[in-house]
**Student:** 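Starting off with a structure, shown below.
To find a chain, count down the sequence lines: A is the first, B the second, and so on, and within it residues start at 1.
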2 protein chains.
Amino acid sequence: MKLTPVMHRYIVHWGEMGSRWGINRSVAQIHALLYLAPMPLHADEIAETLGIARSNVSVGIKELLAWELVQVTHTLGDRRDFFVAQKDPWEVIRVIVEGRKRREIDPTLAFLRNCVAELENDTETPAEVRDRIAGQLEFLETLTRWYESIKGLPRKTLLKMMRLGQKIAKVIGE
Amino acid sequence: MKLTPVMHRYIVHWGEMGSRWGINRSVAQIHALLYLAPMPLHADEIAETLGIARSNVSVGIKELLAWELVQVTHTLGDRRDFFVAQKDPWEVIRVIVEGRKRREIDPTLAFLRNCVAELENDTETPAEVRDRIAGQLEFLETLTRWYESIKGLPRKTLLKMMRLGQKIAKVIGE
DNA sequence: CCGTAATTTCAGTATTTTCTGAAATTCTAG
DNA sequence: CTAGAATTTCAGAAAATACTGAAATTACGG
């Protein structure tokens, strides 16, 4: 796919952002390209457009499929896989947040619970350390409970809640 | 500082988490250590406890100071710098979110605005691409406006708003 | 089934990031 | 000032991560 200068800059920026957040640059670039592309692309075209190896695209796409940020489609008379990205930014963020929560926050919660349980009868670790870990666990639990309760709400409701929050802030700020 | 097994595991876990989120492992470990430590530590002690080079601690600490997650303190009769971490988990998250917003989200917003402006009279880029970028920009702006309005609210108010959200979710969910 | 196109795998290589240790610099007590 | 302690800098080494290309596998039309 031919990239115009703006598209080019967009993809580079997104790759850069990705790597700052612990996402492979190529993966982020593939995602950016598919996010912009008006039509489904096949792996060879992605590789050629981004100037990376075909095999690299294969691995990257697999990751994006696992994240459910990209889907496979097909055309009649073409055996190749074509890929399309989720185009709704709200949905993109939702999927990323949910994924990182499941892959990173949930295991951390389990880990902290385990630490706190062990510290129950651990006499060598200072009490202050135990309290600190317990406090952090409680904080994370508060946050995730909130997230779990609101994550399924329709977008409209979320937007209303955000506007409500802004109003409250305005009143308090005066 | 002598690490008990739980402390050791905690620091390792935190280092691991850090690197998944684009934070240098040593920096994350130094932060974890100072977060647990009941008293201020000096650089040599940090290096020895974590088994990393003194110079590495120097660089890591500088970064944590820049993030304002760690502060320097001194003791009478001791020329060395001692370091303490911010211990309140709410404050830790607040500082991290604010920092990443300033360093990454704000420049991205500026970048997207620039893209949209250029696309005004760019005939070679498909209209669909322009709309996509504009949509993403609007989304990000909605999110940051909300964040900016509530970020200064007292913790109590935030907690109330979270509980309110959970109630709304419960009612809608029924 | 067969032949070929498409895709995936993965060992080796390249690149990027992180870390070290020695040297330079800064700081302070005397 | 000066001496030594504390800290920082930074070039080079080490480690981690990402990428390539060739070979293997899979998938499909005929």
Side-chain angles (χ1 to χ4, degrees), chain A residues 1 11-34 40-67 70-84 103-104, chain B residues 1 11-34 40-67 70-84 103-104:
Chain A
M1 192 179 143
I11 291 168
V12 168
H13 183 94
W14 226 237
E16 179 62 30
M17 284 300 279
S19 56
R20 288 194 196 212
W21 288 83
I23 290 156
N24 179 292
R25 186 180 308 257
S26 303
V27 173
Q29 288 183 349
I30 296 169
H31 183 241
L33 173 59
L34 289 174
L41 303 179
H42 56 87
D44 278 312
E45 192 165 9
I46 296 172
E48 201 179 341
T49 308
L50 298 178
I52 62 181
R54 174 53 233 261
S55 57
N56 198 6
V57 173
S58 177
V59 174
I61 284 283
K62 228 167 79 174
E63 187 158 343
L64 290 167
L65 287 171
W67 273 90
V70 161
Q71 279 193 315
V72 193
T73 55
H74 293 97
T75 317
L76 282 180
D78 197 326
R79 285 167 57 182
R80 294 171 298 182
D81 290 343
F82 285 76
F83 304 96
V84 232
R103 288 157 215 234
E104 285 151 26
Chain B
M1 193 180 142
I11 291 168
V12 168
H13 182 95
W14 225 237
E16 180 61 30
M17 283 300 279
S19 55
R20 289 194 196 213
W21 290 82
I23 290 154
N24 179 292
R25 186 182 307 260
S26 302
V27 173
Q29 287 182 350
I30 295 169
H31 183 241
L33 173 59
L34 289 174
L41 304 178
H42 59 259
D44 278 312
E45 191 165 8
I46 296 172
E48 200 181 341
T49 307
L50 297 178
I52 61 182
R54 175 50 235 262
S55 57
N56 198 7
V57 172
S58 178
V59 174
I61 283 284
K62 228 167 79 174
E63 186 157 345
L64 289 167
L65 288 171
W67 274 90
V70 161
Q71 279 194 314
V72 193
T73 55
H74 292 97
T75 316
L76 282 181
D78 197 326
R79 286 168 56 181
R80 294 172 298 182
D81 290 342
F82 285 75
F83 304 97
V84 231
R103 287 157 216 233
E104 285 151 27

**Student:** Pick base, sugar-phosphate or nothing for D81(A), based on heavy-atom distances below 4.0 Å to the nucleic acid.
**Tutor:** sugar-phosphate
**Student:** Distance alone, cut at 3.5 Å: any donor-acceptor contact between the side chains of H74(A) and D81(A)?
**Tutor:** yes
**Student:** Could you state the interatomic distance from CE (M17(A)) to CZ (R25(A)), rounded to the nearest 0.5 Å?
**Tutor:** 12.0 Å
**Student:** In whole angstrom, what separates I46(B)'s CD1 from dC19(C)'s P?
**Tutor:** 15 Å
**Student:** Within the structure shown, what part of the strands sits under 4.0 Å from S19(B) by heavy-atom distance: base, sugar-phosphate, or nothing?
**Tutor:** nothing
**Student:** Compare side-chain N and O positions of S55(A) against OP1 and OP2 of dT7(C) and report whether any pair is under 4.0 Å apart.
**Tutor:** no
**Student:** Atom CD1 of I52(A) to atom P of dT13(C): distance rounded to whole Å?
**Tutor:** 21 Å
**Student:** Keeping the roles fixed (side chain from E45(A), backbone from M1(A)), state whether a donor-acceptor pair exists under 3.5 Å.
**Tutor:** yes
**Student:** How many Å lie between CD on E48(B) and P on dT20(C), as a whole number?
**Tutor:** 14 Å
**Student:** Find which nucleotide of DNA chain C each of D44(A) and N24(B) is nearest to by heavy atoms, and output the residue with the more 5' nucleotide.
**Tutor:** D44(A)
**Student:** Taking the nucleotide of DNA chain D with the nearest heavy atom to each, does F82(B) or V59(A) sit closer to the 5' end?
**Tutor:** F82(B)
**Student:** Looking at CD1 of I46(B) and CG of L34(B), how far apart are the two atoms once the value is rounded to the nearest 0.5 Å?
**Tutor:** 4.5 Å
**Student:** Verify the contact: side-chain N or O of R54(B) to OP1 or OP2 of dG21(C), cut-off strictly under 4.0 Å; return yes or no.
**Tutor:** no
**Student:** To the nearest Å, how far apart are R25(B) CZ and dT16(C) C1'?
**Tutor:** 15 Å
**Student:** Under 4.0 Å: is that the gap between some side-chain N or O of N56(A) and OP1 or OP2 of dG21(D)?
**Tutor:** no
**Student:** Rounded to whole angstroms, how far apart are CG on D78(B) and P on dA6(D)?
**Tutor:** 7 Å
**Student:** Would you tell me if any nitrogen or oxygen in the side chain of K62(B) comes within less than 4.0 Å of OP1 or OP2 on dT7(D)?
**Tutor:** no
**Student:** Could you point out which residue of L64(B), V72(B), I30(B), L41(B) forms a side-chain contact (heavy atoms from CB on, under 4.5 Å) with F83(B)?
**Tutor:** V72(B)
**Student:** Can you check the H42(A) NE2 to dT7(C) P distance for me, whole Å?
**Tutor:** 9 Å
**Student:** How many whole angstroms separate atom NE2 of H74(A) from atom P of dA6(C)?
**Tutor:** 12 Å
**Student:** Whole-Å distance between dT8(C) P and L64(A) CG?
**Tutor:** 13 Å
**Student:** Ignoring hydrogens and geometry beyond distance, is the side chain of R79(B) in donor-acceptor contact with the base of dA5(D) at under 3.5 Å?
**Tutor:** yes
